[in-house]
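One structure is given here, and the rest of the page talks about it.
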Amino acid sequence: VSAAIGIIGGTGREGRGLALRWARAGRRVIVGSRDPERARQTADELSQLAGATIEGAVNGEVAASAEVVVLATPFDGLLDALGPMATALAGKLVVSAVVPMRFVDGRPAIDEIAEGSAAEAVAAALPDSRVGAALHTVSARSLSRLDHDLDEDVAVVADDDADREAILQLCSEIGARGVAAGPLSLAHYVECQTAVLASLNKLNRSQAGLRFTGLP
Ligand SMILES: NC(=O)c1ccc[n+]([C@@H]2O[C@H](COP(=O)([O-])OP(=O)(O)OC[C@H]3O[C@@H](n4cnc5c(N)ncnc54)[C@H](OP(=O)(O)O)[C@@H]3O)[C@@H](O)[C@H]2O)c1
């Protein structure tokens, strides 16, 4: 039986899209929210769309009951939200899809983070969890169009080989190709890919994803 996936911020655009895709792939998915009613409503809506049961719970319960936890919230406020979940997340794989990006004068800008990246700040806040980073370049809009084939790659970073493998599997279940790109210390560069994509998609009025060529 594959591990249950919990999504912190599962009521947001990215979290919803991921939940739909993983549920359709047969995973047990629990969408998390700060608000239990919003979690329940979102879970009901998504279950209808996916044609499969998606559960909803407050973030703390998601952290406790899921085996793999995906972070899909804005970076602002995330570390405070994670503090009370640290014990529940100990020993678990936590995958950050968080991009610390904002638009300044219409241009995407990545915030400077003392730890180097959002994912490394998460790792520092969750010293007993295994933290990886991925999915930053898969747009919520593409995820939510279930008839759309995700013809794109996802750079995956984590320190542990087994954790990278587990995340590659998660990528394949949403219909993308995960590509192992190295340790968590590369997370900043992976998070920055989204700024480039956001800008080029704006210029080209496109929904482009990433493709790495020449891989074996
Ligand atoms: N949108 C995309 O295409 C995309 C693609 C790749 C990566 N991402 C990344 O995914 C993350 C979420 O983006 P999004 O577009 O899905 O944003 P969003 O639609 O605003 O959703 C984020 C969710 O996070 C929760 N949240 C907000 N502030 C929070 C806080 N202080 N503490 C805990 N939870 C909080 C909210 O859930 P509740 O109010 O229910 O708690 C909200 O539904 C961002 O880091 C973004 O960079 C987005």
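Heads up: numbering here begins at 1 and tracks the sequence. Each ligand, and each atom within it, is numbered from 1 in the order the structure gives.
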Practice prompt. Go through Val156 and Val95 one step at a time and tell me if the side-chain contact (heavy atoms from CB on, under 4.5 Å) criterion holds.
Written response: CA-CA 10 Å; Val156 173; Val95 182; over 6 Å; no
Worksheet item: Taking Arg13 for the side chain and Ser144 for the main chain, is one N or O donor matched with an acceptor at less than 3.5 Å?
Response: no
Discussion item. Hydrophobic clusters here meaning ILVMFWY residues chained together by side-chain heavy-atom distances under 4.5 Å, can you tell me if Ile174 and Leu71 are in one?
Written reply: no
Worksheet item: Mind checking whether Ile30 and Leu82 sit in one hydrophobic cluster, side chains of I, L, V, M, F, W, Y counted as touching below 4.5 Å?
Response: yes
Response to the item:
Nearest heavy-atom contact between Arg27 and Leu170 is NH2-CD2, 3.6 Å
Worksheet item: Heavy atoms under 4.0 Å from ligand 1: which residues qualify?
Response: Gly9, Thr11, Gly12, Arg13, Glu14, Ser33, Arg34, Arg38, Ala72, Thr73, Pro74, Asp76, Gly77, Ala81, Ala97, Val98, Val99, Leu135, His136, Val138, Ser139, Ala140
Worksheet entry | Residues in side chain to side chain contact (heavy atoms under 4.5 Å, CB included) contact with Thr11, at least two apart in sequence or another chain | Ser33, Arg38, Thr42
